[in-house]
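Here's the structure we're looking at; comments come further down.
Since the model is a prediction, treat every value here as computed from it, not as a measurement.
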Amino acid sequence: MNLPFFKIMKLFVNGNKKSGVMAVAKMMKKNAAWLEAHPQYKAVSWDFNFDEKKHQDGFYYHFTQCPINAFARREGCLDVLPVICDLDHMTAKLMQMKLFREQTLASGGKMCDYWMVGDKIQNPK
């Protein structure tokens with residue numbers, strides 16, 4: 001997390017500002033649009049699902065398919081999944097955000113959910 005890319009992310013994405021939340025949303029929607037334009041990769045990628053009405057604060061999305069989860073299960077490397085999922089929280093922190101999640105595919109859930117809000121927001125809704 002000390003790579004220059006992550007340090008730059010911290011400078012340009014501030015989840016406590018609307019522009020920071022919008023930057024995250026734009027990045028995720030760009031990834032989803034790329035996947036739509038390249039359907040040959042859908043079976044081996046994430047399936048992005050956005051719900052802008054689920055929460056008042058921050059940005060929410062989820063997916064029900066994760067290539068990292070599929071690979072780890074196929075290869076019997078389940079012990080790496082919690083570490084990889086924890087990286088999501090670390091990345092959110094770099095963007096001055098908190099990641100709230102109820103479940104992950106790695107822990108046996110039906111989806112990986114991401115509700116990201118600015119780390120200074122008290123009682124997010």
Side-chain angles (χ1 to χ4, degrees):
M1 298 310 257
N2 289 325
L3 295 173
F5 169 78
F6 293 113
K7 290 179 180 178
I8 291 171
M9 182 187 312
K10 186 173 184 172
L11 293 174
F12 290 103
V13 180
N14 181 343
N16 293 298
K17 296 180 179 179
K18 187 168 179 80
S19 61
V21 174
M22 297 305 290
V24 173
K26 182 178 179 182
M27 178 177 54
M28 299 315 298
K29 288 180 179 182
K30 183 178 178 182
N31 292 340
W34 184 92
L35 192 57
E36 286 297 318
H38 299 85
Q40 67 270 29
Y41 298 112
K42 279 190 173 189
V44 294
S45 187
W46 293 268
D47 64 325
F48 296 94
N49 300 277
F50 303 100
D51 187 346
E52 296 176 9
K53 296 182 183 195
K54 187 171 178 79
H55 298 285
Q56 291 176 9
D57 297 314
F59 177 67
Y60 174 86
Y61 67 98
H62 74 270
F63 50 82
T64 59
Q65 179 176 303
C66 171
I68 299 167
N69 179 60
F71 174 82
R73 291 184 183 283
R74 184 177 64 243
E75 300 300 321
C77 303
L78 298 179
D79 55 329
V80 303
L81 286 175
V83 175
I84 291 172
C85 292
D86 280 347
L87 287 174
D88 294 335
H89 291 278
M90 296 170 84
T91 303
K93 187 175 181 177
L94 283 174
M95 296 184 292
Q96 300 170 67
M97 300 180 97
K98 290 181 187 174
L99 169 60
F100 295 94
R101 70 171 18 144
E102 294 180 14
Q103 57 185 312
T104 63
L105 293 167
S107 65
K110 293 184 181 190
M111 71 172 79
C112 290
D113 57 342
Y114 292 77
W115 178 29
M116 300 176 74
V117 299
D119 60 8
K120 290 186 169 81
I121 294 177
Q122 299 294 322
N123 303 314
K125 297 175 173 76

*asked:* If we ignore hydrogens and angles and just use 3.5 Å, is the side chain of Gln103 paired with the main-chain N or O of Lys110 as donor and acceptor?
replied: yes

*Sequence neighbours left out, what passes ring pair (Phe, Tyr, Trp, His ring centres under 6.0 Å) with Tyr61? Give chain and number order.*
Phe59, Tyr114

*Any donor-acceptor pair under 3.5 Å linking the side chain of Asp47 with the backbone of Thr64?*
yes

*Validation row: Arg101, Cys85 side chains within 4.5 angstrom (heavy atoms)*: yes

*Check: Lys17 main-chain N/O paired with Gln96 side-chain donor or acceptor under 3.5 Å*: no

*If you measure from CG on Asp86 to CG on Leu99, what distance do you get to the nearest 0.5 Å?*
10.0 Å

_Gap separating the NZ atom of Lys98 from the NE2 atom of His89, nearest 0.5 angstrom_ = 12.5 Å

*Shortest non-hydrogen contact between Val44 and Gln65, atoms and distance*: N-NE2, 4.0 Å

_Members sharing Met111's hydrophobic cluster (side chains within less than 4.5 Å)_ = Tyr60, Phe100, Trp115, Val117, Ile121

_For Thr104 versus Ser107, what's the shortest heavy-atom pair and its separation?_
OG1-OG, 2.9 Å

*Is it true that a side-chain atom of Asn16 and a backbone atom of Asp119 form a donor plus acceptor pair closer than 3.5 Å?*
yes

*asked:* Quick check on Lys26: does its NZ atom have over 12 non-hydrogen neighbours (other residues, nucleotides or ligands) under 6.0 Å away?
replied: no

_Joint cluster assignment, Met22 & Val24, ILVMFWY side-chain distance < 4.5 Å_ = no

*asked:* For a quick test of reading the model, state the closest non-hydrogen atom pair linking Ser45 to Pro67 and the distance between them.
replied: C-CD, 3.7 Å

_Members sharing Phe71's hydrophobic cluster (side chains within less than 4.5 Å)_ = none

*From Thr91 OG1 over to Met95 CE, what is the distance, rounded to the nearest 0.5 angstrom?*
6.5 Å

_Backbone of Lys125 reached by a side-chain donor or acceptor of Asp57 within 3.5 Å_ = yes

*Look at atom CZ of Phe50 and say whether more than 12 heavy atoms of other residues, nucleotides or ligands are closer to it than 6.0 Å.*
yes

_Rounded distance (nearest 0.5 Å) linking atom CG of Leu81 with atom SG of Cys66_ = 7.5 Å

*asked:* Counting only heavy atoms from other residues, nucleotides and ligands, does the tally under 6.0 Å from CD of Glu52 exceed 12?
replied: no

_Least distance between heavy atoms, Ala92 atom then Met116 atom_ = CB-CE, 3.7 Å

_Can you tell me if Glu102 has over 12 outside heavy atoms packed within less than 6.0 Å of its CD?_
no

*asked:* A side-chain contact here means heavy atoms from C-beta on lying under 4.5 Å apart; do Trp46 and Ile68 qualify?
replied: yes

*Kindly give the heavy-atom pair with the smallest separation between Ala23 and Val13, and that separation in Å.*
CB-CG2, 4.4 Å

*Got a second to check how far Asn31's CG is from Phe48's CZ, nearest 0.5 Å?*
5.0 Å

